[in-house]
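In what follows, a single structure is set out as structure tokens and then discussed.
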Amino acid sequence: KDKVEITKEQQVLMQAILKAYERHQIPQDVAKRLYSAEENFLLLTEMATSQVQVLVEFTKNIPGFLSLDHEDQIALLKGSAVEAMFLRSAQVFNRKTPAGHTEVLEERIRKSGISEEFIKPMFNFYKSIGELLMSPEEQALLTAVTILTPDRPYVKDHAAVERLQEPMLEVLKKLCTLHHPHEPQYFARLLGRLTELRSLNHYHAEIITSWRVNDHKFTPLLCEIWDVQ
Ligand SMILES: O=C(NC1CCCCC1)[C@H]([C@@H]1CCCCO1)n1c(-c2ccc(Cl)cc2)nc2cc(F)c(Cl)cc21
């Protein structure tokens, strides 16, 4: 069996993505503060707004992204922001918290004001992400692969986006082989999560507008990204 090798060039690409990803992390204390439905909704909109800003900075550090057509850059960000938010939420949810804290966190999220019907698909996704035990490199590359999805609405130059996404998928595939040598299907499972992520995309506007609060106030940035108000 030929040995899987990360080339020097792939090493450089992976380091660039990982460095950008680690540089743009938002405060992890979101798990500690979950109170009334109103406060939770406000917390979510604050966290989501800062996460979009962080996502833009991360995306600007993806090699080649800034040389894409400017309108395509916007289309890619707009098309992936919600998925990136759920991916980030899943990673926060699955962080190595002391045993038992995840249940407490899950309970608090269940009671945060999200409509019952969305709780199940959301936690199914979080748990399926958790089971993958992704390394930081895999998390960073998966986020980059999600952003560089060629078939987002309004993307004009698909081929240019594919040319950026392909090397990311190449490195990610090799990392999966190296980090999970006994799970040949791991890479396929990882990509399968992106399909699950898209389905959450469809829910998110409903989750937001059905949040059990009287007045759903959004920041201008979220109005842009979330197609609400
Ligand atoms: O703030 C959140 N997520 C941010 C978003 C930006 C990136 C960092 C994480 C929300 C919280 C949920 C309770 C009410 C307050 O919001 N949240 C969501 C979430 C709920 C519905 C939607 Cl529509 C989207 C995300 N899932 C979470 C998983 C978690 F582990 C934790 Cl700690 C919080 C989580």
Side-chain angles (χ1 to χ4, degrees), residues 20-59 77-134 136 139-140 142-144 146-147 193 196-219 221-229:
Y21 189 73
E22 282 169 348
R23 216 148 21 105
H24 299 308
Q25 295 300 334
I26 55 173
Q28 301 280 333
D29 72 350
V30 66
K32 298 189 185 66
R33 304 166 1 219
L34 301 173
Y35 307 115
S36 74
E38 276 70 19
E39 280 165 324
N40 276 316
F41 188 76
L42 180 65
L43 175 63
L44 172 63
T45 51
E46 283 169 2
M47 293 306 292
T49 301
S50 74
Q51 199 256 347
V52 172
Q53 291 155 347
V54 156
L55 185 76
V56 170
E57 285 314 303
F58 169 67
T59 306
L77 274 167
K78 191 164 161 36
S80 63
V82 168
E83 291 178 19
M85 173 185 66
F86 279 118
L87 202 46
R88 184 83 200 109
S89 297
Q91 285 151 6
V92 171
F93 185 74
N94 291 296
R95 248 168 346 114
K96 289 175 223 9
T97 47
H101 282 228
T102 311
E103 287 73 21
V104 167
L105 175 57
E106 179 164 342
E107 207 36 47
R108 285 185 179 168
I109 295 171
R110 285 182 187 284
K111 294 198 173 58
S112 62
I114 303 175
S115 300
E116 201 45 43
E117 72 206 273
F118 304 118
I119 295 280
K120 198 161 172 47
M122 206 172 79
F123 280 113
N124 286 347
F125 175 68
Y126 291 174
K127 294 194 168 126
S128 65
I129 288 287
E131 282 157 15
L132 289 171
L133 301 173
M134 278 193 271
Q139 290 179 28
L142 192 67
T143 303
T146 303
I147 296 162
R193 300 285 79 85
E196 210 177 332
L197 202 44
R198 286 206 183 202
S199 63
L200 279 175
N201 226 346
H202 299 310
Y203 287 133
H204 97 279
E206 269 181 84
I207 298 176
I208 305 297
T209 48
S210 67
W211 205 283
R212 289 196 306 278
V213 287
N214 305 326
D215 164 32
H216 299 83
K217 250 197 330 297
F218 302 97
T219 59
L221 183 54
L222 287 188
C223 292
E224 279 292 310
I225 291 282
W226 278 1
D227 292 333
V228 287
Q229 204 152 356

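First listed ligand is number 1; within each ligand, the first listed atom is number 1. None of these values were measured; they are calculated from a predicted model. Every heavy atom of this structure was used, including side-chain atoms; hydrogens, water molecules and symmetry mates were not.
The nearest non-hydrogen atom to atom 26 (N) of ligand 1, considering only Phe93, Phe123, Phe125, Tyr126, comes from Tyr126. Distances from atom 28 (C) of ligand 1 to the heavy atoms of Ile109, Val92, Thr45, Ile119 put Ile109 nearest.
Both the backbone and the side chain of Ser89 come within 4.0 Å of ligand 1, judged by heavy-atom distances. In Leu44, the parts holding a heavy atom less than 4.0 Å from any atom of ligand 1 are both the side chain and the backbone.
Heavy-atom distances between Tyr203 and ligand 1 stay at or above 4.0 Å for every pair. Ligand 1 has no atom lying under 4.0 Å from any heavy atom of Phe41. Residue Met85 places a heavy atom less than 4.0 Å from ligand 1.
Atoms of ligand 1 found under 4.0 Å from any heavy atom of Ile207 (numbered from 1 in listed order, with element): 23 (Cl). Residue Ile208 approaches ligand 1 through these ligand atoms, each under 4.0 Å from one of its heavy atoms: 23 (Cl). Atom numbering of ligand 1 starts at 1 in the shown order; those under 4.0 Å from a heavy atom of Ile114 are 20 (C), 21 (C).
Ring orientation note: the planes of Tyr126 and Phe123 are nearly perpendicular, at an angle over 60° on the 30°/60° scale.
Contact check on Lys127 versus Glu131 returns no salt bridge, with no Lys/Arg side-chain nitrogen under 4.0 Å from an Asp/Glu carboxylate oxygen.
Within the 4.5 Å cutoff, the side chain of Met122 has no heavy atoms near those of the Phe93 side chain.
Of the N or O atoms in Arg88, none lie within a sub-3.5 Å distance of an N or O in ligand 1.
Considering every non-hydrogen atom in both Ser80 and Thr146, the closest pair reads CB-O, 3.8 Å.
With rounding to the nearest 0.5 Å, the separation of OG in Ser112 from CD in Glu38 is 11.5 Å. In this structure, CZ in Phe86 is found 8.5 Å from CZ in Phe125, a value given to the nearest 0.5 Å.
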